[in-house]
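Okay, structure first, notes after.
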Amino acid sequence: MYKAKNKKTNEVIEADELKVINNVSSIDFVCVDDKCAIPLIACSFQETNKKRPYFKKHSNQEHTDSCSYSEYLKLLEVGKTRRLTDLEFEKLDYPSKLVFSLPKVKDTLTLTSELLPDSNSTAKKTISNGEFAEVANANRRVTSISQIVDFYLSCPFNRDVELDLLGVKMSYKFHFKRIYGENTGAYIDNKIFYGRVSLNSIDSEVSDENYLYLKLFECEDWERNNSLTSNNKQINPYFLKINKEEISKYKINRILKEKETVSNLSKNDYRINKKHGREAWVFFIGRKPSLKNLYEFEVVNGFITFRYTIVQPIKAD
Ligand SMILES: [Zn+2]
């Protein structure tokens with residue numbers, strides 16, 4: 001699983017954060033469902049680990065029958081193979097709303113952070129303060145695009161469900177836009193754009209005082225040469241521009257680590273011939289390129305995440 005709670009602080013931790021947290025081994029992680037809360041183990045977060053970080057349970061322990069998070073993960077697995085029914089959807093706390101930050105949690109809760117990194121799920125459900133409806137709704141709110149991307153990738157049959165992306169409501173499928181080939185002016189602001197990252201370790205990241213630039217594999221075209229030995233060159237590769245003043249150093253490090261993880265996975269599988277169609281992808285909310293810089297997107301508010309995966313097309317029943 002890709003999220004857990006810090007038992008002491010009640011803070012939700014995304015697995016992708018593990019590589020930039022210093023004292024991982026001294027933290028007690030538990031399941032995010034407070035009624036379940038079984039201990040979880042952080043895995044694959046060391047510098048040398050090749051896989052994406054994740055959490056696992058001890059082999060001699062199971063989630064409780066009512067654990068909503070483990071139920072959610074099971075349904076995501078089903079969603080890979082067929083359309084989930086309305087009934088299943090009622091049980092499914094899929095991320096339906098992206099907000100900049102969650103409202104302050106009131107008195108009785110001891111959450112330490114105002115800006116929760118993730119959907120502050122079942123903690124609030126159990127509180128009987130007469131605001132159940134409002135609170136239950138908050139369950140589906142998230143403050144990063146990570147879970148939104150996981151849902152999109154896992155459930156290709158259900159991309160018609162609604163997603164409120166920073167106030168704009170439409171189906172999941174209309175929020176996502178692939179970056180590909182020549183920029184013909186069809187990109188629109190504030191979509192969740194995605195494309196393959198450049199695996200060239202020499203120039204795939206450039207940083208100046210204000211911005212971090214990430215290069216994509218996607219480009220206008222490839223310069224074809226007839227030599228069999230030298231690699232083809234990109235014509236107008238796409239770049240993502242990240243404003244370093246907009247987000248913390250911690251977040252910048254996390255972004256670079258995530259990118260490194262997917263790049264390494266891709267290169268490694270390529271070496272041993274095991275890619276099976278998977279690629280290193282980046283997903284981000286972006287502003288479309290300006291007329292001056294036709295191949296440069298600006299990432300909005302650090303909303304960016306990476307996956308080494310296959311992006312399935314939308315599937316019908
Ligand atoms: Zn659980």
Side-chain angles (χ1 to χ4, degrees), residues 1-82 84-85 87-95 109-113 116-127 136 139-140 142 144 146-147 149-151 153-155 254 257-258 261-262 264-265 268-269 274 276 278 305-309:
M1 44 194 73
Y2 293 114
K3 61 175 179 169
K5 256 188 186 175
N6 179 331
K7 192 177 176 185
K8 213 163 157 191
T9 64
N10 226 2
E11 197 183 357
V12 176
I13 311 278
E14 277 188 50
D16 296 320
E17 285 179 75
L18 289 172
K19 283 204 170 182
V20 285
I21 296 176
N22 288 324
N23 51 345
V24 172
S25 47
S26 68
I27 303 173
D28 291 326
F29 295 104
V30 295
C31 178
V32 288
D33 184 330
D34 282 4
K35 282 186 274 179
C36 174
I38 58 165
L40 296 174
I41 311 161
C43 304
S44 195
F45 58 87
Q46 304 287 359
E47 193 68 38
T48 48
N49 288 131
K50 293 207 172 90
K51 274 171 84 173
R52 180 182 171 198
Y54 63 98
F55 296 99
K56 71 170 184 190
K57 63 179 186 57
H58 292 276
S59 55
N60 59 351
Q61 234 166 350
E62 295 301 327
H63 291 272
T64 60
D65 289 343
S66 63
C67 172
S68 59
Y69 187 52
S70 98
E71 199 59 28
Y72 173 65
L73 295 180
K74 277 182 216 155
L75 282 172
L76 279 194
E77 283 305 309
V78 177
K80 286 177 184 169
T81 59
R82 64 161 169 84
L84 297 170
T85 64
L87 199 66
E88 284 167 325
F89 249 91
E90 273 174 32
K91 292 190 288 181
L92 188 74
D93 286 330
Y94 80 99
L109 275 174
T110 52
L111 291 172
T112 51
S113 149
L116 295 170
D118 207 333
S119 81
N120 175 31
S121 58
T122 41
K124 294 182 190 171
K125 256 188 178 171
T126 54
I127 303 163
N139 197 34
R140 296 173 165 195
V142 291
S144 82
S146 192
Q147 290 181 67
V149 168
D150 284 337
F151 179 80
L153 292 170
S154 285
C155 300
R254 180 180 159 181
K257 283 277 178 235
E258 273 193 57
T261 301
V262 297
N264 287 343
L265 284 169
N268 197 51
D269 278 358
K274 270 198 166 169
H276 302 307
R278 285 172 294 194
T305 191
F306 299 80
R307 294 289 181 274
Y308 178 59
T309 189

Does anything in residues 38-51 pair up under salt bridge (Lys or Arg N to Asp or Glu O under 4.0 Å), and if so which pairs, sequence neighbours excluded?
-> Glu47-Lys257

Within-4.5 Å side-chain heavy-atom neighbours: Thr261 and Phe306 | no

Can you sort out the partners of Asn23 under side-chain contact (heavy atoms from CB on, under 4.5 Å), two or more places apart, ordered by chain and number?
-> Ile21, Ser26, Ile27

Contacts of Thr64 meeting side-chain contact (heavy atoms from CB on, under 4.5 Å) (sequence neighbours excluded), chain-then-number -> Cys36, Ser66, Cys67

Among pairs that include at least one residue of residues 39-64, which meet ring-ring contact (aromatic ring centres under 6.0 Å, His included), considering only residues two or more places apart or in two chains?
-> Phe29-Phe55

Search all heavy atoms of Cys155 against all heavy atoms of Leu84 and return the closest pair with its distance.
-> SG-CD1, 4.2 Å

Stepwise side chain to side chain contact (heavy atoms under 4.5 Å, CB included) check, Leu92 with Phe151 = CA-CA 11 Å; Leu92 188 74; Phe151 179 80; 4.0 Å; yes

Tyr2 six-ring face occupied by Arg52 cation (under 6.0 Å, within 45°) = yes

Pair Lys5 + Asp34: basic N to acidic O under 4.0 Å | yes

Side chains of Lys8 and Asp28: does their closest heavy-atom pair fall under 4.5 Å?
-> no

Residue set satisfying side-chain contact (heavy atoms from CB on, under 4.5 Å) with Asp269, at least two apart, ordered chain then number -> Ile272, Lys274, Lys275, Arg278, Tyr308

With a cut-off of 3.5 Å and sequence neighbours excluded, list every side-chain donor-acceptor pair involving residues 73-82.
residue, atom, partner, partner atom, Å
Glu77, OE2, Lys80, NZ, 2.9
Thr81, OG1, Val78, O, 2.8
Arg82, NH1, Glu88, OE1, 3.0
Arg82, NH2, Glu88, OE2, 2.9

Are any non-hydrogen side-chain atoms of Val24 and Lys19 less than 4.5 angstrom apart?
-> no

So, Lys57 and Glu62, do they make that salt bridge, N to O below 4.0 Å?
-> yes

Indicate whether any N or O donor in one side chain lies under 3.5 Å from an N or O acceptor in the other, for Ser146 and Arg307.
-> yes

